[in-house]
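Read the numbers this way: they start at 1 and go in the same order the structure lists the ligands and their atoms. Not measured: the values here are computed from a predicted model.
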Amino acid sequence: MTLLTRRTALISTLAFAGAFATGALADGLPKLAVKKTYKVGFAQTESNNPWRLAQTASMKAEAEKLGWQLVYTDAAGSAAKQVADVNSMIAQGVDAIFLSPREEKPLIPAVMAAKKAGIPLFLIDRGVDATLAKGGVDYVTFIGSDFLKEGTTAGENLVKIMGGKGIILELEGSTGSSPANDRKKGFDAVIAQNPGMKIVASQTGDFNRDKGRQVAEALLQAHPEANVIYAHNDEMAIGAISALEAAGKVPGKDVIVVSIDGEKDALQAIIDGKMAFSVECNPKFGPAAFAAAMSYAKGDTLPATMTNTDRFFDISNAKDSMADSY
Ligand code: AHR
């Protein structure tokens, strides 16, 4: 198989990963030997929501399918623990590491430690600070969603729904994480272009359902005039719906709720008329991540960034998308 054919085969294997940016591998990047089986690490950031559980399940299922040994760690929401988890994987002599970094900056030492130890590292789902570590240079590649585009898509569709007028409460994801940073950036930029729309409060709910509920409750008390809640993930949106109902407001009527992910509870909320839409962020990384590692082992030049193609869920497709959700 030629290099070109192999890359084409990889791209079709990664139906999950739709668009590819370009980026060459530098000579200093650790190589991965071709072997029958591998011992690989997956450093998960936390397991506090269905998205994370679906991601872990997908990674474990793919490892099992291929007969690879998977060293799995859960950082339980601590960037410091996640750095220690990666160091422990290095000490255990894994062949490669898949890392979902909790935050952009604190995980840089883990990326650099793997490189120094000669272990190829693949970033999946979340990114790290691009000024401090680069795909194709410090780590092999980033596989994940375009979080900036997710925020922009949420903003543009919200503007349409609201006819250009709205008073918005924003529930941000985990501070310092790439999805929180980029979903805010993309969304806020769209809103800034619409003079009839205003974000009156923006606060972190840490991508967590109950924290989202608590923050929404406080923000609704401070801004009873708000008629939109934009949450950086479905879990916080579901929490916000509970806060709205507790405050005697009707989600979907008094306050429009929009979000990102596409988990089952959010699709149900769309069907129930409580949520307007959810921009997809697909958590099922197993096939794409392991295919990328195999391709890299064969000598393929992977792009520095491999971007997933995400869908958009609203009342037109929520019911039909249920079976495939998590
Ligand atoms: O990094 C992806 C985000 O992290 C998902 O939107 C969220 O649900 C998860 O915790």
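- Below 4.0 Å from some heavy atom of Arg126 lie the following atoms of ligand 1, by number and element: 1 (O), 3 (C), 4 (O), 9 (C), 10 (O).
- Aromatic ring orientation, His232 versus Phe207: tilted (interplanar angle from 30° to 60°).
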Check the pair Thr37, Gln69 against side-chain hydrogen bond (donor to acceptor under 3.5 Å, both in side chains), reporting the backbone distance first and the verdict last. CA-CA 8 Å; Thr37 185; Gln69 188 185 341; over 6 Å; no
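- Remark: side-chain polar atoms of Ser278 are paired, donor with acceptor, to backbone N or O of Asp261 under 3.5 angstrom.
- A salt bridge is defined here as a Lys NZ or Arg NE, NH1 or NH2 lying under 4.0 Å from an Asp or Glu carboxylate O, and Glu235 with Arg52 fails to meet this definition.
- Neither the backbone nor the side chain of Glu280 has a heavy atom within less than 4.0 Å of ligand 1.
- Remark: distances from the non-hydrogen atoms of Met236 to ligand 1 are all 4.0 Å or more.
- Residue Asp261 has at least one nitrogen or oxygen atom sitting less than 3.5 Å from a nitrogen or oxygen atom of ligand 1, judged on distance alone.
- Neither the backbone nor the side chain of Asn48 comes within contact range of ligand 1; no heavy atom lies under 4.0 Å.
- Separating the CD atom in Glu263 from the CG atom in Asn233 is a distance of 7.0 Å, to the nearest 0.5 Å.
- Checked by distance only, ligand 1 and Trp51 stay at 3.5 Å or farther apart across all their nitrogen or oxygen atoms.
- Set against the non-hydrogen atoms of Pro179, the atoms of ligand 1 under 4.0 Å away are 1 (O).
- Which parts of ligand 1 touch Asn233 is read off a 4.0 Å heavy-atom cut-off, strictly below it: atoms 6 (O), 7 (C), 8 (O).
- Relative orientation of the Phe142 and Phe147 rings is perpendicular, given thresholds of 30° and 60° on the angle between their planes.
- At a heavy-atom cutoff of 4.0 Å, ligand 1 is contacted by no atom of Glu235, backbone or side chain.
- The side-chain heavy atoms of Asn282 and Asp310, taken from C-beta on, include a pair separated by under 4.5 Å.
- With ligand atoms numbered from 1 in the order given, ligand 1 contributes 1 (O), 2 (C) to contacts under 4.0 Å with heavy atoms of Asp125.
- In the vicinity of Asn49, heavy-atom distances shorter than 4.0 Å reach the ligand 1 atoms 8 (O), 9 (C), 10 (O).
- Inter-residue side-chain proximity for Pro106 and Val83 is flagged as unmet; no heavy-atom pair is nearer than 4.5 Å.
- With Glu46, Arg209, Arg52 as candidates, the residue nearest to atom 3 (C) of ligand 1 on a non-hydrogen basis is Arg52.
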